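Below is one structure, written out as structure tokens; comments come after it.
Counting starts at 1 for both ligands and their atoms, following the listed order. The structure displayed is predicted, hence computed values, not measured ones.
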Amino acid sequence: MRTEQPKMIYLKDYQVPDYLIDETHLTFELFEDHTLVHAQLVMRRNPDAGAGLPALVLDGQQLELLELKLDDRVLGAADYQLTDSHLTLQPTQEQFVIDSSVRIHPESNTALEGLYKSSGMFCTQCEAEGFRKITYYLDRPDVMSTFTTTLSAEQHRYPVLLSNGNPIASGSEEGGRHWATWEDPFKKPAYLFALVAGDLWCVEDRFTTMSAREVTLRIYVEPENIDKVQHAMDSLKKSMKWDEEVYGREYDLDIFMIVAVNDFNMGAMENKGLNIFNSSCVLAKAETATDAAHQRVEAVVAHEYFHNWSGNRVTCRDWFQLSLKEGFTVFRDAEFSADMNSRTVKRIEDVAYLRTHQFAEDAGPMAHPVRPDSFMEISNFYTLTVYEKGSEVLRMIHTLLGPQLFRKGSDLYFARHDGQAVTCDDFIKAMEDASGVDLTQFKRWYSQAGTPRLEVSESYDAAANTYRLQLRQSCPATPGQAEKLPFVIPLELALLDAQGRELPLQLVGEDKPVGTSRVLQVTQAEQAFTFVNIAEQPLPSLLRGFSAPVKLSFPYSRDQLMFLMQHDSDGFNRWEAGQQLAVQVLQELIGQHQRGELLVLDPRLVAALRSVLENDSLDQAMVAEMLSLPGEGYLTEISDVADVDAIHAAREFARAQLAEALFEPLWARYQANREVSRNTPYVAESAHFARRSLQNIALSYLMLTGKPQVLAAALEQYEACDNMTERLTALAVLVNSPFEAEKAEALKAFAEHFKDNALVMDQWFSVQAACTLPGGLARVQALMQHPAFTMKNPNKVRALIGAFAGQNLVNFHAADGSGYRFLADQVISLNATNPQIASRQLGPLTRWRKYDASRQALMRAELERILASGELSSDVFEVVSKSLA
Ligand code: 0A1
Ligand code: ZN
């Protein structure tokens, strides 16, 4: 908790560290009521800093200093200054050794940062600035050191003792205690340090690297979860192979370990050789985890593994460069997932997520560039912008350079900067040097916040056989950035003829066509491209594969969108055409609702989805994606003033009408797929994901008709399936239905069956929190009293409170402000125990400018109430104060 107003930290103030730490030797004595940490730091003056011997300022918070030595001389209180965040002393030589002993209290650490206990085990989370809660240190990523770590604990309670690197010694002590020493030969910043002590079981496997080195792989979990680890292990081996094949990156230690913990603020953490995971991102088996959960495990295992190079071997100079490792690693894991599953479906999911959530962030009070230039609390900058938009920026570089030159740039980056802490500029420079492409203007994607708009218009000259696309780009103002300069926007496009065939693309001045689908570079605020030899008025397929994170507009008619849905050879754009058609139709319904008119659904949407459903040659996952109407969150994002009730009413009306009109083909698809599912054991592979996703979306439409045979089908699926994907959807459709008795029975049976499985209970909470039927807040408040719920566990908070505020928009935005009041109460309570989680729950309130005047006033009032509620953490203070500014 802060004692004074948090200060803003600026990128422009960056200075190299005065001192470096070459070696770090740590000893942890873990006890039930305290932990003793001894740190020996072998230090020297940084030759890159100025002359002289400035004071040494070590970071340290919530530490009880027991002893401090400088080169073996015990220092007295007069030899150093201590504040609640720093320890300052005066070195007398260029090279010296600091020894410190401190006492800390992991057993009462509820913030889950630094060393803490989760379900009886000790574990750590040091990114970004948690190491300073473990010992006095230069806790900044550009100070890189080798580490040796010895930990000792009671053998019976903590039989497994782990840290980074390779194990080098272990033994027993008097009094039932034991110890182990680990050595990590690779220099790393303190944020990659990790330690685990617990009663854990592991699954072990091996991987032979490209240079024939043998690596031991271990995944540690609580004994009762040992049956849920195989999918993560398979994912790890696939990731290791993929990184060798696609990026030429080989693993470097003799052992790679993953540990699952139940209480974790984020998804997972890439500590060197010892990844620590939220158990929700490791554990997966058919009976307890959905297809989405299986895919998430695969993606997160890959993400953390890929960090071994993009993040660990080459790390960030300072936290403003966070996207250097995160944007790159998200891009790498997205490509991995695309290679393991359906590429088009992965792209659709990522784009839908980006447009709903990152675009909203980029348009709100916390908007910041991919490389922010200031922050108060770095924990608030693990954002969709740094991660997902950062990944889009990498994807654009990949598009502009092409795969070969991109790989050459990546090789150069890793070779040039191995063992260093570097900047986004260093990354770009490597890409430029390897490819010869000038990325000077492109770099604006790193420094300018906000989502660019790209307006496109056309003109066809039948006499000259030319087709001209006129482009205009702009970017709205964001906090601290009123004016924006033009971006480099890679615009992939094709022109389709009346039969849907791609036309050869030849620009004025070119002597021959250059393919039929190509990437144009939009670099100016206004720009035109003229194509020649175009014998008929074409229909453009624009921004194929979502080649840039922009808001594109083109005046498509509904008939043209239907044509693209059927004929565009770019799978992503076929889906996109369907989404745009649905948006047009839904916006029309929203208008009707607002004017108090009778709602009338454009029959073209029914016809379009009918032809998708009846097209047996389409990938089933694509059919499922195309049947999914744009979400309420996305419809909110694209509204100037979001009318929550009208959006909900319009979308539900459209869903119900589609369900009635398409009952036959939906029922046929449902029955055929359920039949296969019934007779096929669960497999976590993309063809099976596809079948179940179509089956499940069909069921959710069908249930809206209220027909008895559908209720019977939902109950059959709920009771007879062998996997969580089918069971959870069946539960969700019952929960959202008017069949009260069946709903109550299913919820009860589910909770009874899975009461001992926390991750499954999270899903049970979420399904109910997201139910949009009236009375949502009362249901959530009642669920907070359920014995399986606790505010101490971040997964529970996200499952219940996060799902309510983030997904259940009609209930959260109740006109009386009750949802806002509830969320503010939870934030105030979490602020005292876990500031990172408190701050993350604030998201929905920060978007107050999107709503009508009455809701705006209510939301603002809750933000004001939080601000006045007492001692705020820097995390919550930053978000609330920026939201009100
Ligand atoms: N580097 C991790 C994310 C992470 C960040 C902060 C954490 O604690 C506050 C934990 C994990 C990743 O990208 O996976
Ligand atoms: Zn990451």
Charged N to carboxylate O under 4.0 angstrom, [X] versus [Y]?
X: D425; Y: R317; answer: no
X: D350; Y: K346; answer: yes
X: E361; Y: K389; answer: no
X: R347; Y: E392; answer: yes
X: D243; Y: R332; answer: yes
X: D411; Y: R249; answer: yes

What are the atoms of ligand 1, with element, lying closer than 4.0 Å to any heavy atom of [X]?
X: Y382; answer: 5 (C)
X: K325; answer: 1 (N)
X: M269; answer: 1 (N), 2 (C), 11 (C)
X: H303; answer: 12 (C), 13 (O), 14 (O)
X: Y387; answer: 1 (N), 2 (C), 3 (C), 12 (C), 13 (O)
X: E270; answer: 1 (N), 2 (C), 12 (C), 14 (O)

Original post:
Are any N, O or S atoms from E270 nearer to the Zn ion (ligand 2) than 2.8 Å?
Top reply: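 Short answer: no, not a single N, O or S atom is under the cut-off.
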Original post:
Taking the side chain as C-beta and beyond, is there a heavy-atom pair between V37 and F28 under 4.5 Å?
Top reply: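 Sidechains of F28 and V37: in contact.
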Original post:
Would a 4.5 Å heavy-atom cut-off, applied to side chains only, mark L830 and Q841 as touching?
Top reply: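 Counting from C-beta outward, L830 and Q841 do come under 4.5 Å.
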Subject >> N or O contact, Q125 vs ligand 1, cut-off under 3.5 Å >> reply: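 Yes: some nitrogen or oxygen of Q125 is under 3.5 Å from one in ligand 1.
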**OP:** Could you tell me whether E304 and ligand 1 have an N or O pair separated by under 3.5 Å?
**Re:**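 Looking only at distances, the answer is yes, because the N/O contact criterion of under 3.5 Å is met.
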Original post:
At a non-hydrogen distance cut-off of under 4.0 Å, which region of Q836 contacts ligand 1 (side chain, backbone, both, or neither)?
Top reply: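 Looking at Q836 and ligand 1, just side chain atoms fall under 4.0 Å.
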Original post:
Where does E127 meet ligand 1, judged by heavy-atom distances below 4.0 Å: at the side chain, the backbone, both, or neither?
Top reply: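 Both backbone and side chain.
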**OP:** Going by heavy-atom distance to atom 4 (C) of ligand 1, choose the closest among M266, E326, H307.
**Re:**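 It is M266 that holds the nearest heavy atom.
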Original post:
Using 30° and 60° as the class limits, which term best fits the ring planes of F131 and F147: parallel, tilted or perpendicular?
Top reply: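 The arrangement is perpendicular - the two ring planes meet at more than 60°.
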Subject >> Sole residue of V259, V261, N262, D263 in side-chain contact (heavy atoms from CB on, under 4.5 Å) with S279 >> reply: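 Among V259, V261, N262, D263, the one that satisfies the side-chain contact (heavy atoms from CB on, under 4.5 Å) with S279 is N262.
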Subject >> Nearest to the Zn ion (ligand 2) - the N/O/S atom of H307, by atom name >> reply: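 Minimum-distance N/O/S atom of H307 relative to the Zn ion (ligand 2) is NE2.
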**OP:** For the Zn ion (ligand 2), find the closest N/O/S atom belonging to E326 and write down its atom name.
**Re:**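 Minimum-distance N/O/S atom of E326 relative to the Zn ion (ligand 2) is OE1.
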Original post:
Which residue owns the protein heavy atom closest to atom 11 (C) of ligand 1, what's the atom, and how far is it?
Top reply: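 The answer is A268 O, 3.2 Å.
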